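What follows is one structure encoded as structure tokens, with my remarks underneath.
If you read the sequence from its start, that first residue is 1, and numbering goes on from there. What you see is a predicted model; the values in this text were computed from it and never measured.
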Amino acid sequence: MKLPEKEKAAQRAAFRRMSPAEKLDHIYTYYKWPIFLALAALIVLGSVLQRQLTKKEVVLYLASVNVSVGEDLEESLSEGFLRFAGANPKKQEVYWYQALYLSEDADVLNHQYAYASRMKFLGALETKKLDVMLLNREGYDLLSKSGYLLDLEDVLSREDPALYECLRDQLTVNRVTVQDNSLEYQLGEAEELEQVFLDAENGLDLSDYPLFRDAGFPDTVYLGIAANTERLEAALQYVAYLTGAGA
């Protein structure tokens with residue numbers, strides 16, 4: 001309800017006669033919610049602006065699956081690549097999904113962690129926010145079987161023949177499932193078991209390259225590239241960096 005001008009003038013005069021403490025109490029009593037809402041809006045706006053100003057462009061999405069990486073190697077695998085690629089670490093980054101655990105034989109203690117890792121991995125793959133993977137043998141076999149890895153022999157020979165010649169002896173062959181009705185067969189929904197596989201050079205053995213040879217990994221570390229990567233050029237540049245082929 002709009003107050004008459006005379007009443008407004010009286011209220012202004014009454015406010016001017018108040019002591020500083022009374023004025024603060026008056027403002028708090030009658031205007032606290034508008035003030036709180038305005039402050040909340042400013043905080044939210046400031047937070048959004050800060051995120052936008054400090055947000056980095058992702059040059060490459062990396063995942064380590066069943067592979068634990070130490071601090072020194074971690075720096076080489078992220079900031080080291082940015083320097084190699086001529087990127088600005090203040091504005092660009094390698095986004096890394098670390099310590100993912102994928103297994104078909106996860107025990108009771110690891111089952112929940114394996115499930116959470118699988119959901120994170122599939123979510124990244126589905127949204128095409130995954131490019132390069134560092135894998136142990138179990139992870140490599142699982143992802144190869146599921147068809148999640150790019151055929152490196154095909155891609156390298158087509159996109160970068162010189163890099164292919166440097167790496168061809170370290171490319172590894174694994175099985176890819178083309179057709180498999182084993183679940184339907186077990187459930188009695190199919191009369192015959194039909195399984196079709198093919199072999200593909202979809203992994204790169206990193207064991208003999210200095211970055212990994214000197215890191216003390218107990219098992220072989222493989223590199224794979226996501227079959228649906230949208231950053232193939234950056235992924236191949238990353239391969240060249242890890243192997244020293246781009247030096």
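Partners of Glu153 according to the side chain to side chain contact (heavy atoms under 4.5 Å, CB included) rule, which considers only residues two or more places apart in sequence or in another chain, are Asp151, Ser157, Tyr164, Leu171, Glu201.
Side-chain contact check for Leu149 versus Met133: some heavy-atom pair is nearer than 4.5 Å. Side-chain contact check for Val65 versus Leu134: every heavy-atom pair is 4.5 Å or farther apart. Side-chain atoms of Gln92 and Glu57, non-hydrogen and from C-beta on, do get closer than 4.5 Å to each other. Between Val67 and Phe217, some side-chain heavy-atom pair lies under the 4.5 Å cut-off.
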ask   = Which is it for Lys145 and Asp141 under the salt bridge (charged side-chain N to carboxylate O under 4.0 Å, His left out) test, yes or no, and what are the steps along the way?
value = CA-CA 6 Å; Lys145 182 175 69 173; Asp141 289 344; over 6 Å; no
message = Determine whether Asp205 and Thr172 satisfy the following criterion, side chain to side chain donor-acceptor pair (under 3.5 Å), listing intermediate values before the conclusion.
response = CA-CA 7 Å; Asp205 184 345; Thr172 56; over 6 Å; no
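For the atom pair OH (Tyr148) and CG (Asn202), the distance works out to 14.0 Å, reported to the nearest 0.5 Å.
Ring geometry, Tyr241 versus Phe84: the interplanar angle falls from 30° to 60°, so the pair is classed tilted.
Using modelled atom types and a 3.5 Å distance limit, the side chains of Ser117 and Tyr97 yield no donor-acceptor pair. If you check the side chains of Ser103 and Glu138, you find a donor sitting under 3.5 Å from an acceptor.
At distances below 3.5 Å, not a single donor-acceptor pair connects side-chain atoms of Arg231 with backbone N or O atoms of Leu60. A distance-only check finds a donor-acceptor pair linking the side chain of Tyr238 to the backbone of Leu77 [under 3.5 Å]. A distance-only check finds a donor-acceptor pair linking the side chain of Asp131 to the backbone of Tyr61 [under 3.5 Å].
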